[in-house]
Amino acid sequence: MDGNRRYAKKQKLEEGSGHKAGFLALMSLLKYCYELGVKYTTIYAFSIDNFRRRPEEVQYVMDLMLEKIEGLLKEESIVNQFGVRVSFVGNLKLLNEAVRVAAEKVMIATANNTKTRLLICVAYTSSDEIVNAVQESCREKWHGIKALNGMKNDEIQALDGEMSEEYQEKNPGIKLVDLEKNMYMAIAPDPDILIRSSGETRLSNFLLWQATNTLLCCPRALWPEMGLWNLVWAVLKFQRNYSYMEKKKKQL
Ligand SMILES: CC(C)=CCC/C(C)=C/CC/C(C)=C/COP(=O)(O)OP(=O)(O)O
């Protein structure tokens, strides 16, 4: 959701109004997504790098986020209107307690919604996600090894490099290291389309692992200016590319 501050400047508004307008645009685009039948929508709401912005701006966005997350619990919210299951994705311990608690409440309250899923990336970067998945996988591997009764240290070391599927079948106590299942984004399929507003053509540490075969769309509109046409344009572009992308996936 890029371009909130530039929008505020363009409209001669205060910086915070740009973020508020950004949230309104988000709600309206999500409605279109749900009406079009999109099953998974992921938004990049706040990166770990964004915490390096001026403390007043970080505080402003966090306050806005808290207010809006709490709003998602209301009866008339978009979440209840469309049966959305919401997940907050990222290094959530970096959030302040109030935002984290509110996020957890929404995840619990919507856990049984099945129509569509919304993934909100906060305190997220792909590099953090990958590092976390590697650490988690190493931890699992270590626990698996320890689970083998009576194994000595040198035996454990000799085991390294022997984690073949055949070995795993013979030793069900040990799991093959599986990086992808430890990614925060393991709860969703890889995205078909990634839209970055305001004409920027960089991924800025977003879904680097998952976006290998994703169609990238970079409309010029600043995020608060994004509307139905930008979404439809991305879907049409995807449809035109679909057979090529399917062929490419099969070749992998
Ligand atoms: C509950 C929920 C999902 C709330 C969302 C709140 C919200 C709108 C967050 C966006 C914050 C952000 C860093 C936007 C990017 O524009 P920018 O500030 O980088 O704008 P610029 O590119 O013009 O500088």
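Because the structure is predicted, anything quoted here is derived from the model rather than measured. Throughout, numbering of the chain's residues begins at 1 and tracks the sequence.
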Worked check of side-chain hydrogen bond (donor to acceptor under 3.5 Å, both in side chains) between D2 and S197
CA-CA 5 Å; D2 199 22; S197 54; 5.7 Å; no

Does a sphere of radius 6.0 Å around [atom1] in [X] hold more than 12 heavy atoms from other residues, nucleotides or ligands, not counting ones at 6.0 Å or beyond?
X: K68; atom1: NZ; answer: yes
X: K115; atom1: NZ; answer: no
X: E104; atom1: CD; answer: yes
X: R52; atom1: CZ; answer: no
X: E56; atom1: CD; answer: yes

Using ring-ring contact (aromatic ring centres under 6.0 Å, His included) as the criterion, list what pairs up with F238, not counting sequence neighbours.
Y242

Set of ring-ring contact (aromatic ring centres under 6.0 Å, His included) partners for Y34, sequence neighbours left out:
F82

Tell me if a side-chain donor or acceptor on [X] pairs with a main-chain N or O of [Y] at a distance below 3.5 Å.
X: N96; Y: M62; result: no
X: D190; Y: T212; result: no
X: N80; Y: S77; result: no
X: S17; Y: L13; result: no
X: W223; Y: N4; result: no

To the closest 0.5 Å, what do you measure between [atom1] ([X]) and [atom2] ([Y])?
X: E200; Y: C218; atom1: CD; atom2: SG; result: 8.5 Å
X: S198; Y: R5; atom1: OG; atom2: CZ; result: 11.0 Å
X: I195; Y: T41; atom1: CD1; atom2: OG1; result: 9.5 Å
X: Q239; Y: I193; atom1: CD; atom2: CD1; result: 8.5 Å
X: R6; Y: Q11; atom1: CZ; atom2: CD; result: 14.0 Å
X: N205; Y: I48; atom1: CG; atom2: CD1; result: 8.0 Å

Please lay out, stage by stage, how W209 and S126 fare under the test side-chain contact (heavy atoms from CB on, under 4.5 Å).
CA-CA 7 Å; W209 187 278; S126 271; 5.7 Å; no

So which heavy atom on [X] is nearest to which on [Y], and how close?
X: A8; Y: E14; value: CB-O, 3.4 Å
X: A102; Y: E70; value: CB-CG, 4.2 Å
X: L29; Y: G227; value: CD2-O, 3.6 Å
X: G3; Y: P224; value: O-CD, 4.0 Å
X: M107; Y: F88; value: SD-N, 3.3 Å
X: A123; Y: L94; value: CB-CB, 4.1 Å

Do [X] and [Y] come within less than 4.5 Å of each other through their side chains, counting heavy atoms only?
X: N230; Y: W233; answer: no
X: L66; Y: I69; answer: no
X: M27; Y: F23; answer: yes

For L194, the other hydrophobic cluster members (4.5 Å side-chain criterion, sorted by chain and number) are Y40, Y44, V89, L119, Y124, Y184, M185, I187, L203, F206, L207, L208, L216

Is it true that [X] and [Y] make a salt bridge, defined as a side-chain N closer than 4.0 Å to a carboxylate O?
X: E15; Y: K9; answer: no
X: D49; Y: R53; answer: no
X: R100; Y: E97; answer: no
X: E225; Y: K10; answer: yes

With distance as the sole criterion, is a donor-acceptor pair present between the side chains of R117 and S87 under 3.5 Å?
yes

R54 and V58: side-chain contact (heavy atoms from CB on, under 4.5 Å), yes or no, with the steps?
CA-CA 6 Å; R54 283 181 302 108; V58 173; over 6 Å; no

Test side chain to side chain donor-acceptor pair (under 3.5 Å), reference N91, set T125, N132, D128, output is D128

Please report the C-alpha distance between I120 and V106 in whole Å, then the side-chain angles of each, then the deciding distance to 0.1 Å, and finally whether the side-chain contact (heavy atoms from CB on, under 4.5 Å) criterion is met.
CA-CA 11 Å; I120 303 179; V106 171; over 6 Å; no

Please walk me through it: do D192 and T214 pass side-chain contact (heavy atoms from CB on, under 4.5 Å)?
CA-CA 5 Å; D192 289 323; T214 299; over 6 Å; no

Take R85 and T116 through the side-chain hydrogen bond (donor to acceptor under 3.5 Å, both in side chains) test and state the conclusion after the steps.
CA-CA 6 Å; R85 177 170 181 187; T116 179; over 6 Å; no

Let's go through R196 and S204 carefully: what are the C-alpha distance in whole Å and the side-chain angles of both, what is the deciding distance for side-chain hydrogen bond (donor to acceptor under 3.5 Å, both in side chains) to 0.1 Å, and is it a yes or a no?
CA-CA 10 Å; R196 178 171 183 158; S204 297; 2.6 Å; yes

Quick one: do L64 and V61 end up in the same hydrophobic cluster if we chain Ile, Leu, Val, Met, Phe, Trp and Tyr together by side-chain heavy atoms under 4.5 Å apart?
no

Test log, rule side-chain hydrogen bond (donor to acceptor under 3.5 Å, both in side chains), inputs Q210 and E129
CA-CA 11 Å; Q210 297 84 358; E129 177 182 33; 3.2 Å; yes

